[in-house]
Amino acid sequence: PAPWTQASEGHVDQPDVLKRMYAQTVIDVRRAVDVLVARGDVDPGRIAYVGHSFGATWGGVLAGVDKRFRTHILMGGLPTLVDLSPQGLPSMDAYSERLKKYLTAEQLRNYLDVLTPMSGSAFIGHAAPASILMQFARFDSWISTKAAGAYFDAASEPKEIRWYSTSHEFNDVAALVDRAAWLEEEIGIAGAVSTLGDLTGAR
């Protein structure tokens with residue numbers, strides 16, 4: 001499992017621990033690419049990354065530090081974990097309020113100072129020449145329109161943003177089909193869209 005599943009909220013008063021956990025998440029994905037490339041039967045020019053939620057948040061860091069990817073698809077990711085301003089969203093605002101109540105003023109400053117440099121928005125501007133597709137949900141309880149726009153604006157070209165009438169879970173066939181079409185175009189997965197259409201009746 002990803003390091004964050006090891007009770008990351010339990011380390012909010014230890015941001016250095018969180019920083020190591022988050023960095024390890026990116027390192028683990030890079031090591032997975034090492035394995036793929038070493039196989040010999042994988043085209044190193046056709047490697048893509050698809051990340052959702054936490055995976056999309058740290059996918060921005062990955063995109064900026066590893067140039068072996070042809071393209072990145074980021075679904076419902078945050079540009080940063082340190083924006084604790086009210087977003088008008090139940091899940092994100094509740095988390096921010098819990099954090100601010102749990103930490104002292106000094107601890108909160110330390111949390112922000114340590115984790116701000118780890119923001120995906122600080123790295124994703126260096127993703128080029130890899131392409132980026134960002135997918136966002138109109139009824140997401142975590143990702144505001146403002147946060148989505150900030151993440152997209154920070155990304156390097158070529159990039160595209162698409163919105164769907166769904167929630168953070170992305171239970172939307174259209175989003176799935178769009179990902180297949182993107183991968184078909186970017187890394188040549190022949191028949192991905194037609195296969196999905198046969199399975200879902202989407203097209």
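Predicted model only: the values in this text are computed from it and were never measured.
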| message | Closer than 3.5 angstrom, by distance alone: can the side chain of Tyr49 be matched with the main-chain N or O of Gly55 as a donor-acceptor pair? | response | yes

| message | Per the side chain to side chain donor-acceptor pair (under 3.5 Å) rule, what does the pair list look like for residues 50-64, sequence neighbours excluded? | response | Ser53-His168

| Atom CG of Leu108 and atom CG of Leu84: how far apart are they, to the nearest 0.5 Å? | 6.0 Å

| note | When rounded to the nearest 0.5 Å, the distance separating CE of Met21 from CE of Met118 is 11.0 Å

| Closest approach of Ile124 to Leu74 (non-hydrogen atoms, all atoms of both residues) | CD1-CD1, 3.7 Å

| said: Return the NE2 to CD distance between His72 and Glu186, rounded to the nearest 0.5 Å. | reply: 11.0 Å

| Heavy-atom closest contact (Gln135 atom, Ile73 atom, distance) | OE1-CG2, 4.1 Å

| said: Before you tell me yes or no, could you show the steps for Phe54 and Thr25 under side chain to side chain contact (heavy atoms under 4.5 Å, CB included), namely the whole-Å CA-CA distance, both residues' side-chain angles and the distance that decides it to 0.1 Å? | reply: CA-CA 10 Å; Phe54 182 89; Thr25 297; 3.7 Å; yes

| Would you find more than 12 non-hydrogen atoms of other residues, nucleotides or ligands less than 6.0 Å from Lys100 atom NZ? | yes

| When you measure from the side chain of Lys159 to the backbone N and O of Ser131, does any donor-acceptor pair fall under 3.5 Å? | no

| request: Could you grab the distance from atom CD of Gln14 to atom CG of Asn110, nearest 0.5 Å is fine? | output: 10.5 Å

| query | Is there side-chain contact between Ile132 and Thr71, with at least one heavy-atom pair below 4.5 Å? | reply | no

| request: Could you pull out the closest heavy-atom pair between Ile47 and Val33, with the gap in Å? | output: CD1-CG1, 4.0 Å

| field | Nearest heavy-atom neighbours spanning Asp178 and Tyr164 | value | OD2-OH, 2.7 Å

| Same cluster (ILVMFWY, side-chain, under 4.5 Å), Phe139 and Phe170 | no

| message | I'd like to check Tyr111 versus Asp13 (side-chain heavy atoms, cut-off strictly below 4.5 Å). Are they in contact? | response | no

| message | I'd like to check Trp142 versus Leu78 (side-chain heavy atoms, cut-off strictly below 4.5 Å). Are they in contact? | response | no

| message | Less than 4.5 Å apart, side chain to side chain, heavy atoms only: is that true for Arg109 and Glu106? | response | yes

| message | Could you check whether any side-chain heavy atom of Trp163 comes within less than 4.5 Å of a side-chain heavy atom of Met134, counting everything from C-beta outward? | response | no

| said: Does any part of the side chain of Leu133, heavy atoms only, come nearer than 4.5 Å to the side chain of Arg162, both counted from C-beta? | reply: yes

| query | When rounded to the nearest 0.5 angstrom, what is the spacing between CG in Leu81 and CG in Leu112? | reply | 11.0 Å

| message | Determine whether a donor-acceptor pair (N or O, by modelled atom type, separation under 3.5 Å) exists between the side chain of Asp93 and the backbone of Leu89. | response | yes

| query | Is there a donor-acceptor contact under 3.5 Å from the side chain of Gln107 to the main chain of Thr104? | reply | yes

| task | Please report the shortest heavy-atom distance between Ala148 and Ile161, naming the atom on each side. | result | O-CD1, 4.5 Å

| field | Glu157, CD atom: more than 12 neighbouring heavy atoms under 6.0 Å | value | yes

| said: Please find the pair of heavy atoms, one from Ser121 and one from Ala154, that lie closest to each other, and give the distance. | reply: O-CB, 3.6 Å

| query | Is there a donor-acceptor pair under 3.5 Å between the side chain of Tyr102 and the backbone N or O of Glu97? | reply | no

| field | Distance in Å, Met75 CE paired with Thr166 OG1, rounded so as to fall on 0.5 Å steps | value | 9.5 Å

| query | What pairs meet the side chain to side chain donor-acceptor pair (under 3.5 Å) rule with one or both residues in residues 80-91, with sequence neighbours excluded? | reply | Thr80-Ser119, Asp83-Ser85, Asp83-Gln87, Ser85-Gln87, Gln87-Ser144, Ser91-Ser141

| salt bridge (charged side-chain N to carboxylate O under 4.0 Å, His left out) contacts in which one or both residues fall within residues 32-51, not counting sequence neighbours | Arg31-Asp34, Asp34-Arg68, Arg39-Asp41

| field | Phe69-Ile27 co-clustered via ILVMFWY side chain contacts under 4.5 Å | value | no

